[in-house]
Amino acid sequence: MQTVGEKLVDLLSDYGVDLVFGIPGTHSIELYRGLGSGKIQHISPRHEQGGGFMADGYARVSGKPGVCFVITGPGVTNLITPLGEAYMDSVPMLVISPVNEPDPDQYNQGRLHEITNQSAVTKPLTALSVTVSSADELPELMARAFEIFASERPGPVHISIPLSIIRQPLEANWQARVPSAPPQANESQIASVVEQIQQARNPVLIVGGGCSRDAAAIQKLGQSIPCPILTTVAARGVVPASHPLSVGAQLRAPYVQELLQQSDLAIFIGTEFAQTDHWNDDLELPRNQIWVNLNPDVGKRIAKDDANITLLVADAGDTARRLCEQLPVVSKESFEAAKSCCAAAAANHDRDLSATERQHL
């Protein structure tokens with residue numbers, strides 16, 4: 001008979017997890033006993049923070065959730081910085097940790113590696129942070145975690161398992177569930193966006209990290225509009241700098257912000273266009289805006305009284321491909337006009353450099 005910790009490792013394998021980062025400790029023995037089956041490879045960093053950054057990097061490169069096993073208390077707190085990085089950049093990360101038995105009065109009992117409320121420590125930096133109260137909750141929580149990774153704005157998930165539960169023998173047969181697909185825009189929404197694009201004289205496309213796995217579709221969308229393509233730092237590489245419609249990933253640069261302000265339609269896809277993307281709290285955006293994002297709350301932050309905003313809670317890649325199917329064939333004249341606009345904007349790059357910056361050209 002397996003313990004809950006061993007069974008959890010088998011369930012992770014069923015969800016496609018093939019690599020875990022972590023440092024074994026007294027409280028996490030049952031998880032590591034499960035790793036002895038050889039189904040999942042384990043990499044041990046020198047420090048839990050390093051393991052968290054490894055998991056973050058693995059998730060960005062592979063597209064699969066980065067998974068960490070850590071001990072209770074300091075193992076969890078050592079992950080806070082990489083958790084914050086993953087949370088801000090919408091990176092899927094799963095953290096599994098044991099936890100001491102919760103005290104109803106939230107007092108320390110002098111136990112090894114004790115925190116009075118471990119889930120509260122990671123809650124501000126995760127899409128979900130929960131302490132299980134019974135082994136029966138774990139299959140549901142794992143399904144919820146992989147649902148977040150697959151069909152919502154991705155982010156870290158932290159599941160704390162009390163020591164009495166993680167060591168508990170269990171006969172139940174846990175099964176992985178197939179996560180839902182990301183939401184898709186409906187036909188009327190696609191038609192509305194196509195109409196707005198066709199009516200615009202100077203549209204611009206702003207691409208974020210949510211498009212990192214849909215580079216071909218995003219590049220084709222820029223060419224099908226056609227229009228200048230701006231990228232956030234998180235979207236570097238989605239549209240290469242050599243692309244004729246690329247204006248680069250320097251949204252803080254004055255010449256890029258000027259191009260955005262001169263537009264009559266801004267299409268934000270896979271980005272929340274946060275302050276750290278453009279570093280200009282006074283940046284004026286075009287009145288007409290289209291936002292494609294998995295986060296339905298993005299509209300609450302961007303809404304302004306004088307803005308005409310269309311929000312599609314939908315997958316970036318699917319939306320880009322469907323828009324390309326509906327947009328008319330681009331004429332050579334319109335493509336060359338967009339290309340010239342991008343070239344003119346790029347020509348202003350050197351204009352805005354300081355004397356010190358020019359030394360590094």
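Being a predicted model, the structure only gives us computed values, none of them experimental.
Looking at every heavy atom in both residues, Pro45 comes nearest to Gly50 through CB-C, 4.1 Å. Taking all atoms of both residues into account, the shortest heavy-atom contact from Ala135 to Val4 is CB-CG2, 3.8 Å. Shown here for Val194 and Gln326, the closest heavy-atom pair between the two residues is CG2-CB, 3.6 Å. Summarising the geometry of Ala185 relative to Ile190, their closest heavy-atom pair is CB-CD1, 3.9 Å, with the distance given to 0.1 Å. Shortest non-hydrogen contact noted between Ser151 and Pro183 is O-CD, 3.2 Å. Across all non-hydrogen atoms, the minimal contact from Gln175 to Leu11 is C-CD1, 3.7 Å.
Under the 3.5 Å distance criterion, the side-chain polar atoms of Asp264 are matched with a main-chain donor or acceptor of Arg201. Ser340 places a side-chain N or O within donor-acceptor distance of the main-chain N or O of Glu336, the cut-off being under 3.5 Å. Within the 3.5 Å criterion, the main-chain N or O of Pro286 finds a donor-acceptor partner in the side chain of Gln289. Judged purely by atom type and a 3.5 angstrom limit, Ser246 has no side-chain atom pairing as donor or acceptor with the backbone of Ser242. A donor-acceptor pair under 3.5 Å is formed between the side chain of Asn117 and the backbone N or O of Ala120. Panel note: side chain Ser28, backbone Leu31; no donor-acceptor pair is recorded below 3.5 Å. A donor-acceptor distance shorter than 3.5 angstrom exists from the side chain of Lys64 to the backbone of Gly16, with no hydrogens or angles considered. Under a 3.5 Å cut-off, the side chain of Ser129 and the backbone N or O of Thr126 do not form any donor-acceptor pair. Counting only distance, with no hydrogens or angles, the side chain of Lys7 and the backbone of Ala172 share a donor-acceptor pair below 3.5 Å.
In this structure, the side chains of Met93 and Pro65 stay at 4.5 Å or more apart for every pair of heavy atoms. Cys227 is not listed as a side-chain neighbour of Leu245, based on a closest heavy-atom distance of 4.5 Å or more. By the 4.5 Å heavy-atom criterion applied to side chains, Ser37 and Glu6 are not counted as neighbours. No side-chain heavy atom of Asn293 sits under 4.5 Å from any side-chain heavy atom of Phe273. A heavy-atom distance below 4.5 Å is not found between the side chains of Val99 and Leu163. Using a 4.5 Å cut-off on side-chain heavy atoms (C-beta onward), Leu259 and Cys341 make contact. At a threshold of 4.5 Å between non-hydrogen side-chain atoms, the residues Phe268 and Leu285 count as touching. Using a 4.5 Å heavy-atom cutoff, the side chains of His47 and Asn78 are in contact.
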Worksheet item: Should Leu294 and Val313 be marked as a side-chain contact (heavy atoms from CB on, under 4.5 Å) after you check the CA-CA gap, both sets of side-chain angles, and the distance that decides it?
Response: CA-CA 5 Å; Leu294 288 175; Val313 180; 5.6 Å; no

Worksheet entry | Stepwise side-chain contact (heavy atoms from CB on, under 4.5 Å) test for Leu8 and Ile161 | CA-CA 11 Å; Leu8 182 59; Ile161 310 172; 3.6 Å; yes

Worksheet item: What's the verdict on side-chain contact (heavy atoms from CB on, under 4.5 Å) for Leu251 and Val233, showing C-alpha distance, side-chain angles and the deciding distance?
Response: CA-CA 8 Å; Leu251 284 170; Val233 172; over 6 Å; no

Discussion item. As a quick check of understanding, evaluate side chain to side chain donor-acceptor pair (under 3.5 Å) for Thr72 and Gln118, giving each step before the final call.
Written reply: CA-CA 8 Å; Thr72 183; Gln118 186 167 276; 2.8 Å; yes

Discussion item. Go through it in stages, so that I can follow the logic: the residues are Ile309 and Trp291, the test is side-chain contact (heavy atoms from CB on, under 4.5 Å), and I'd like the CA-CA distance, side-chain angles, deciding distance and then a yes or no.
Written reply: CA-CA 7 Å; Ile309 294 176; Trp291 293 76; 3.9 Å; yes

Worksheet entry | Steps toward salt bridge (Lys or Arg N to Asp or Glu O under 4.0 Å) verdict (Asp277, Arg252) | CA-CA 7 Å; Asp277 289 320; Arg252 65 182 299 171; over 6 Å; no

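Side-chain atoms of Ser188 and Asn186 include a donor-acceptor pair closer than 3.5 Å. No donor-acceptor contact under 3.5 angstrom links the side chains of Gln196 and Asn288, judged on distance only. Side-chain contact annotation: Thr271 with Thr232, donor-acceptor N/O pair under 3.5 Å absent. A side-chain N or O of Ser97 and one of His158 form a donor-acceptor pair less than 3.5 Å apart. With 3.5 Å as the limit, one finds no donor-acceptor pair spanning the side chains of Ser192 and Glu195. Of the N and O atoms on the side chains of Ser180 and Glu147, at least one donor lies less than 3.5 Å from an acceptor on the other residue. Between the side chains of Gln257 and Asn280, at least one donor N or O sits under 3.5 Å from an acceptor N or O.
In this pair, Phe69 and Tyr32 present their aromatic rings perpendicular. The plane angle is above 60°, beyond the 30 to 60° band.
Around CZ of Arg213, the count of heavy atoms belonging to other residues, nucleotides or ligands within 6.0 Å exceeds 12. Within a 6.0 Å radius of NZ in Lys339, no more than 12 heavy atoms belonging to other residues, nucleotides or ligands are found.
Placement of Leu19 and Val70 in two distinct hydrophobic clusters is found when ILVMFWY residues are connected by side-chain heavy-atom separations under 4.5 Å, directly or transitively. Residues Met54 and Leu35 are members of separate hydrophobic clusters, defined by side-chain heavy-atom contacts under 4.5 angstrom among Ile, Leu, Val, Met, Phe, Trp and Tyr. In the hydrophobic clustering of this structure, Ile229 does not group with Val256; members are Ile, Leu, Val, Met, Phe, Trp, Tyr whose side-chain heavy atoms approach within less than 4.5 Å, directly or through other members. Put simply, Ile225 and Leu323 are part of the same group of oily side chains (I, L, V, M, F, W, Y) that touch within less than 4.5 Å, one to the next. A continuous path of hydrophobic side-chain contacts links Leu312 to Ile197 [ILVMFWY only; heavy atoms under 4.5 Å].
Rounding to the nearest 0.5 Å gives a distance of 3.5 Å between CE of Met1 and CD of Glu171. Here the CG atom belonging to Leu265 is positioned 9.5 Å from the CD atom belonging to Gln199, to the nearest 0.5 angstrom. Going from atom CD of Gln223 over to atom CD1 of Ile218 covers 11.5 Å, rounded to the nearest 0.5 Å. The distance from atom CH2 of Trp174 to atom CG of Asp10, rounded to the nearest 0.5 Å, is 10.0 Å. To the nearest 0.5 Å, atoms CD (Gln168) and OG1 (Thr3) are separated by 9.5 Å. Between the CG atom of Leu230 and the CD atom of Gln250 there is a distance of 11.5 Å, given to the nearest 0.5 Å.
A salt bridge does not link Glu325 with Arg322: every distance from a Lys NZ or Arg NE/NH1/NH2 to an Asp or Glu carboxylate oxygen is 4.0 Å or more. Between Asp18 and Lys39, none of the side-chain N atoms (NZ, or NE/NH1/NH2) sits under 4.0 Å from a carboxylate O, so this pair counts as no salt bridge. Salt bridge status for Glu140 with Arg177: present, with a side-chain N to carboxylate O gap under 4.0 Å.
Geometric assessment of Arg153 against the ring of Tyr87 yields a positive cation-pi assignment under the 6.0 Å and 45° thresholds.
Considering only residues two or more places apart in sequence or on other chains, Arg60 meets the side chain to side chain contact (heavy atoms under 4.5 Å, CB included) condition with Asp56, Glu85, Asp89, Val91.
Among residue pairs with one or both ends in residues 242-265, those qualifying as ring-ring contact (aromatic ring centres under 6.0 Å, His included) are Tyr255-His349; sequence neighbours excluded.
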